[in-house]
Amino acid sequence: MIRVYIVEDDEVTRRSLCDRMRAHGDFTVDVAVGTCAEIRIALRQGRPDVLLVDLGLPDGSGVDVIAEAATRHAGLAIMVITVFGDERRVVRAIKSGATGYLLKDDPTHEIGVAIRLLLEGGSPISPAIARHLIRLFQPVLPEGARNTADGKLTAREQEVLGLAAKGFSYAEIAQMLNLSANTIASYTKHIYEKLAVGSRSEAIYEASRLGLLDRG
Amino acid sequence: VDAQLATPSSTVPAPIARRVARLGLWLVALLAPFAFILAFDATLLPRSLPGLPRLAEAEVIRSTVEDPARLPTAGWTHVRLRHVLTGDDTREPVGGWFRLSFDAGPAPQGLWSVYLPRPYATAAVFVNGEYIGDSGLDRPFPVHREPLRFTFPARILNPGRNRLELRVIASIDNVGLNRVYVGPDAAIEPAYRSTMAVMDTSRQVIVIMLYVASLTMLTVFLMRRRDSAFGWFGLALLFWATHHQMYLVPRALLDSRVTWENIADFSLGAYSIGAALFTHSFLGLRRPRVNRALLAWGAIGAAVLVLYPFAFGGDPSDWCDYVWIPASVAIGVYQLSVFAWACWQRPGAETAMLLAASWFMNVVGARDALVDFGVLPANYTYLAFTSVPVFIVFGALLLRRFAQALDTSERANEALERRVAEKSRELERNLGRIKDMERERALSTERERIMQDMHDGIGGHLVQALSIAATRAELAPVEESLRTCLDELRLMIDSIEPVDGDLASVLGTLRMRMSRRLAQAGVELSWQIGDLPPLPGLGPKHVLEITRVVQEAITNALKHSGAHRIRVAAGAVDGRARTVIRIEIADDGRGFRSGERGEGTGRGLAGMRRRAATLGARLEVETGEGGTLVRLDLPADTRATADGQACEKGQTVTPERAHSGPDE
């Protein structure tokens with residue numbers, strides 16, 4: 001059984017999500033809470049296989065929860081749950097350490113597919129997110145912008161992102177590039193991780209610049 | 001010269017021709033002063049006057065006797081004119097007598113003249129022992145610059161041979177006699193008059209011009225102190241003019257020969273100093289020590305001129321002759337060498353002209369000096385005449401430089417203005433860009449706020465309602481409606497995100513949003529999105545309109561056609577005039593006829609047309625047994641058709657191909 005923690009402040013949605021998870025059969029929802037404080041305690045006490053995080057929480061931001069969870073439990077599969085799956089929110093979550101996302105109204109089997117994908121080392125992507133990532137990893141950014149991504153994308157990764165941005169599914173991309181769909185999904189996850197690492201080093205850089213961190 | 005050497009070999013003939021031409025010009029400049037001298041000589045000193053023989057034979061005797069009657073009968077020497085009596089170097093006036101004989105013809109009548117076109121000295125003239133006139137015996141001048149003519153009545157003449165006696169006196173060593181003509185005044189007067197016109201009148205005109213030029217230059221200098229070249233040039237001109245004026249001053253004005261001579265000498269020296277300083281200034285040579293020495297030398301000269309009579313009595317003629325004038329010549333030679341050096345260092349028309357002018361002046365000046373010192377036959381001096389060409393060259397170069405400076409400063413001003421204008425434009429552009437960025441940021445903030453609201457508010461509630469509806473079977477229609485609602489909202493939210501002109505990702509997003517419905521319908525989707533050029537003007541409005549058109553086409557295919565396959569393709573197509581982005585949605589369904597399939601289709605088609613028009617795009621719909629094809633041709637740059645300014649061209653739907661809906 002796959003152990004799932006959920007933090008989602010809307011009770012109806014939370015319960016609905018729990019129902020769908022349970023309905024799937026492969027998942028047990030061990031923790032389903034509505035605040036940052038509660039999930040922090042839960043994460044201190046145990047480690048789930050998957051953590052689902054809503055970004056807008058009453059006592060803080062889900063982004064912080066994601067960052068903390070990613071630091072505390074390395075390799076934890078974290079997914080952001082959003083209404084729209086819009087690129088801003090998702091990319092923000094990815095930067096803090098999430099590697100997947102769910103729409104709050106995704107039907108049961110889709111949730112299952114997405115979590116399976118994640119646990120098998122792949123990440124979902126949408127064209128808008130792919131477009132956003134392509135821009136973030138651009139070697140030359142428009143004036144004033146700092147390249148927030150650490151490191152560069154490989155040619156393959158760029159290729160995958162480009163096709164994903166055009167709306168091709170993993171299966172289609174896999175066929176075009178003569179690879180397996182799982183490999184494509186793992187490329188995406190790699191890219192997400194690169195972005196998160198880049199964001200963290202950027203955050204450290206920013207913090208040290210502001211004198212928030214001690215040297216050495 | 002270097003530049004010419006560097007030119008490719010194919011253009012060799014041109015530099016050679018130019019070199020020859022340049023050599024020719026140098027040759028002309030080299031010979032110009034000699035030609036000038038010869039031309040003046042030929043004009044002013046004709047070999048003979050019409051009908052009058054030049055008297056070439058004379059007897060001469062050194063004597064200070066004033067009356068020809070008292071002249072000794074013995075001791076005369078037979079000479080050919082010109083003849084010079086060498087003095088004893090005492091500075092006392094040297095004197096002597098020349099006796100000539102001429103033929104007055106059988107019956108001389110009217111007015112006759114003795115004409116000395118270029119005498120060496122002050123002279124007194126006697127014909128047949130009778131006094132006729134003199135050129136100022138009480139104040140002998142060292143050199144005469146003008147011809148002498150003494151008229152007398154023919155009645156003192158005898159038919160046949162007559163006797164002409166000339167007493168010559170001069171303040172310097174060489175006193176002598178040059179050409180002598182005697183004849184009817186009618187034959188002499190024109191020659192005398194024309195020579196006088198050249199040697200006296202025109203010289204006076206030149207000197208006045210020089211004064212005017214000098215004052216002009218000095219005025220320019222006073223108004224523009226930085227250009228010291230004007231000041232030195234004006235000063236040099238002033239002294240130069242004064243030097244020459246001294247030979248033109250009516251003698252009554254300057255009663256002292258000493259004053260006259262010394263002012264002339266001093267002026268010449270002062271001129272050479274001013275000219276040397278001008279040379280430095282004009283060529284931009286920094287030689288402060290030489291400049292100081294020159295100025296000091298000028299001050300010494302002036303002091304000697306003024307103080308000598310008081311300190312030592314007498315006059316500083318020796319100082320002038322043996323120190324001041326040689327020094328002036330040395331300074332002149334120095335100036336010439338500086339010009340030559342400059343010409344060598346900086347070859348160019350300007351330095352070449354300066355050198356040529358200076359050479360011209362120095363040659364003529366040297367020749368004049370040789371005449372004055374008796375080395376060359378007595379003659380007129382021409383130096384004053386060189387002023388005209390030489391100073392025109394100098395003045396023109398100076399004024400040209402002045403004009404160039406004005407031009408340069410004007411151009412600099414213009415350039416400055418242009419740059420200021422450019423900078424202000426740039427500033428405006430930057431301000432505009434900043435404004436754009438601020439607007440963009442404000443929009444972005446606003447977008448973020450609305451998104452947040454939607455997420456927490458309406459979006460959250462929709463999801464809530466959906467999850468409630470999903471739990472009860474009887475609420476299925478509500479659930480469906482809510483899902484559509486949520487999909488619509490997502491479409492709108494997708495459209496307000498900046499897409500950086502990436503139409504492919506817009507279509508991709510639409511596919512993702514519709515993937516569930518496509519999957520439910522069991523339709524096979526063929527997704528053929530090629531590389532699209534970035535569309536610079538692709539704003540939220542365009543995104544939404546394009547999305548709606550494509551969505552409508554897919555929805556129609558899903559709902560009504562019963563298709564098994566839907567193909568969505570997009571790519572750039574080179575149109576007649578411009579590149580268009582073509583989006584095609586094709587199905588293998590039943591197709592439809594006009595008016596068929598109820599209002600929904602009609603309204604859908606009409607809506608698609610309207611949206612296409614807003615986009616400035618062209619919409620074509622082909623339908624038939626094999627299915628339906630919707631084709632949307634978008635202009636590659638959508639900027640022109642932003643914000644609902646519907647482009648008329650968008651309406652041009654090919655009528656025979658487009659199947660109109662019932663309400664069209």
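Labels below follow one simple rule: chain letters A, B, ... track the order of the sequence lines, proteins then strands, and each chain is numbered from 1. Keep in mind the model is a prediction, meaning the values are calculated, not measured.
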Pick whichever of [options] has the most heavy-atom pairs under 4.5 Å with chain B.
options                        : result
A:A128, A:S169, A:S126, A:G167 : A:G167
A:P107, A:A164, A:G56          : A:P107
A:K104, A:R89, A:E110          : A:R89

Checklist outcome for this item: Looking only at heavy atoms, the pair that brings B:A504 and B:I529 closest together is CB-CG2, 3.8 Å
Checklist entry - Are a donor atom and an acceptor atom from the side chains of A:D30 and A:T28 found within less than 3.5 Å of each other? => result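 The answer is yes; a qualifying pair exists.
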Next on the checklist: Given heavy-atom pairs under 4.5 angstrom as the criterion, report whether the side chain, backbone, both or neither of A:D10 touches chain B.
Outcome noted: side chain
Checklist entry - Side chain, backbone, both or neither: which part of A:E11 has a heavy atom under 4.5 Å from chain B? => result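 For A:E11, neither part sits under 4.5 Å from chain B.
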Next on the checklist: Check this for me: does any side-chain nitrogen of one of A:D105 and B:R490 sit under 4.0 Å from a carboxylate oxygen of the other?
Outcome noted: yes
Next on the checklist: Set out, in order, the CA-CA distance, both residues' side-chain angles and the distance that settles side chain to side chain contact (heavy atoms under 4.5 Å, CB included) for A:I129 and A:L133, then state yes or no.
Outcome noted: CA-CA 6 Å; A:I129 293 167; A:L133 292 183; 4.1 Å; yes
Checklist entry - Between A:H190 and A:Y187, does a ring-ring contact (aromatic ring centres under 6.0 Å, His included) hold up when you go through it step by step? => result CA-CA 5 Å; A:H190 270 131; A:Y187 276 130; 7.2 Å; no
Checklist entry - Side chain, backbone, both or neither: which part of B:L466 has a non-hydrogen atom closer than 4.5 Å to chain A? => result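 For B:L466, the contact with chain A is made by the side chain alone.
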Checklist entry - Would you call A:T35 and A:D9 a side-chain contact if the rule is heavy atoms closer than 4.5 Å? => result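 No - every pair of side-chain heavy atoms lies 4.5 Å or more apart.
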Checklist entry - What residue, out of B:V506, B:T471, B:L486, B:I468, has the most heavy-atom pairs lying under 4.5 Å from chain A? => result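 Highest number of heavy-atom pairs under 4.5 Å: B:L486.
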